[in-house]
Amino acid sequence: MYTVRVYGILLGENRKVLVSDEFIRGNYYTKFPGGGLEFGEGTRDCLKREFKEEMDLEIKVGEHIYTTDFFQRSAFRPDQQIISIYYFAEALEPIRAPLRNTPFAFDERELKIYEEKGETETFRFIGWDQFSEESVTLPIDKVLAGILKARFGK
């Protein structure tokens with residue numbers, strides 16, 4: 001069984017990288033915005049939907065950057081393999097979702113969502129000089145972070 005995930009790399013001013021800080025079932029993750037591909041959906045449409053659902057943000061999906069090329073077991077479903085697809089994303093409007101300056105700075109509304117659903121998220125930009133493989137939690141995201149740093153310089 002496979003789970004396909006689609007993520008967007010949105011770069012802000014001075015190559016700041018947008019990340020999502022998530023609290024899921026008692027664990028903290030920093031990852032790129034995006035989510036699971038739904039049946040009948042193309043990968044680009046999935047990414048547009050995820051940004052709209054998570055950030056209420058219309059985006060333009062740009063260049064494909066990377067697709068997983070190694071085996072990665074799902075952290076949440078051990079009987080499934082994860083395939084992640086990454087694209088550049090461009091905001092087509094100003095970001096209205098609250099942006100945090102520190103990791104996992106959830107507000108009362110987000111904590112209430114966690115109580116109800118067992119997961120919540122918030123967003124922040126990481127400056128290019130601070131961004132690295134260690135900035136993100138998931139193994140495939142770490143590979144992508146390395147690709148970005150190699151492509152755009154350290």
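For CD of Glu13, the number of neighbouring non-hydrogen atoms (other residues, nucleotides, ligands) closer than 6.0 Å is 12 at most. Around atom CG of Asp79, more than 12 heavy atoms belonging to other residues, nucleotides or ligands sit under 6.0 Å away. The 12-atom threshold is not exceeded at CD of Glu108, counting heavy atoms of other residues, nucleotides or ligands nearer than 6.0 Å.
The minimum heavy-atom distance linking Leu11 with Arg15 is given by the pair CD2-O, 4.2 Å. Looking at every heavy atom in both residues, Phe125 comes nearest to Gly12 through CE2-N, 3.7 Å. Closest approach of Ala89 to Gly8, counting heavy atoms only: CB-CA, 4.3 Å. Among all heavy-atom pairs drawn from Pro33 and Phe51, the shortest one is CB-CZ, 3.6 Å. Counting all heavy atoms, side chain and backbone alike, Phe70 lies closest to Gln81 at O-NE2, 4.3 Å. Minimum interatomic distance between Ser84 and Ile140 (heavy atoms only, all atoms of both residues): OG-CD1, 3.7 Å.
Using a distance-only test at 3.5 Å, with no hydrogens or angles considered, a donor-acceptor pair links the side chain of Arg44 to the main chain of Gly62. Judged purely by atom type and a 3.5 angstrom limit, Thr122 has no side-chain atom pairing as donor or acceptor with the backbone of Asp21. Of the possible donor and acceptor atoms, none in the side chain of Arg151 sits under 3.5 Å from a partner among the backbone N and O of Ile65. The closest donor-acceptor contact from the side chain of Thr137 to the backbone of Thr30 lies under 3.5 Å. For Lys142 (side chain) and Glu133 (main-chain N/O), a donor-acceptor pair under 3.5 Å exists by modelled atom type.
Distance check: Leu37 CG to Tyr2 OH gives 15.0 Å after rounding to the nearest 0.5 Å. Atom-to-atom distance recorded for Cys46:SG and Glu38:CD is 7.0 Å, nearest 0.5 angstrom. In this structure, Ile9 CD1 and Asp141 CG are separated by 7.0 Å, a value rounded to the nearest 0.5 Å. Summarising the geometry, atom CD1 belonging to Ile59 is positioned 7.5 Å from atom CG belonging to Leu92; distances are rounded to the nearest 0.5 Å. Note: Thr43 OG1 to Ile85 CD1 = 5.0 Å, rounded to the nearest 0.5 Å. The CG atom of Leu57 sits 7.0 Å away from atom CG of Leu10, with the distance rounded to the nearest 0.5 Å.
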Exercise. Determine, step by step, whether Asp107 and Arg100 satisfy the side-chain contact (heavy atoms from CB on, under 4.5 Å) criterion, reporting the C-alpha distance in whole Å, the side-chain angles of both residues, the deciding distance to 0.1 Å, and the verdict.
Key: CA-CA 10 Å; Asp107 63 20; Arg100 309 295 183 213; 2.9 Å; yes

Practice problem: Take Val19 and Arg124 through the test side-chain contact (heavy atoms from CB on, under 4.5 Å) and record every step on the way to the result. | Solution: CA-CA 6 Å; Val19 296; Arg124 66 187 163 95; 3.8 Å; yes

Quiz item: Between Leu144 and Tyr7, is a side-chain contact (heavy atoms from CB on, under 4.5 Å) present by the stated rule, with each step listed?
Solution: CA-CA 10 Å; Leu144 193 276; Tyr7 297 104; over 6 Å; no

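Evaluation of the side-chain hydrogen bond (donor to acceptor under 3.5 Å, both in side chains) rule for Lys52 yields Asp56, Glu58 as partners, not counting sequence neighbours. When the side-chain hydrogen bond (donor to acceptor under 3.5 Å, both in side chains) test is applied to Asp69, the partners found at least two apart in sequence or on another chain are Tyr66.
Using a cutoff of 4.0 Å between basic side-chain nitrogens and carboxylate oxygens, Glu50 and Lys31 are not scored as salt-bridged.
Within the 4.5 Å cutoff, the side chain of Tyr87 has heavy atoms near those of the Val6 side chain. In this structure, the side chains of Leu148 and Phe131 come closer than 4.5 Å at one or more pairs of heavy atoms. In this structure the side chain of Gln72 never reaches within 4.5 angstrom of the side chain of Leu138, judged on heavy atoms. The shortest side-chain heavy-atom distance between Thr3 and Phe76 does not fall under the 4.5 Å cut-off.
Here the rule is ring pair (Phe, Tyr, Trp, His ring centres under 6.0 Å) with Phe23, and of Phe104, Tyr114, Tyr29 only Tyr114 fits it.
Phe88 and Val136 fall within the same hydrophobic cluster, defined by Ile, Leu, Val, Met, Phe, Trp and Tyr side-chain heavy atoms under 4.5 Å apart, directly or through other members.
In this pair, Phe32 and Tyr86 present their aromatic rings perpendicular. The plane angle is above 60°, beyond the 30 to 60° band. In this pair, Phe106 and Tyr28 present their aromatic rings parallel. The plane angle is below 30°, not in the 30 to 60° band.
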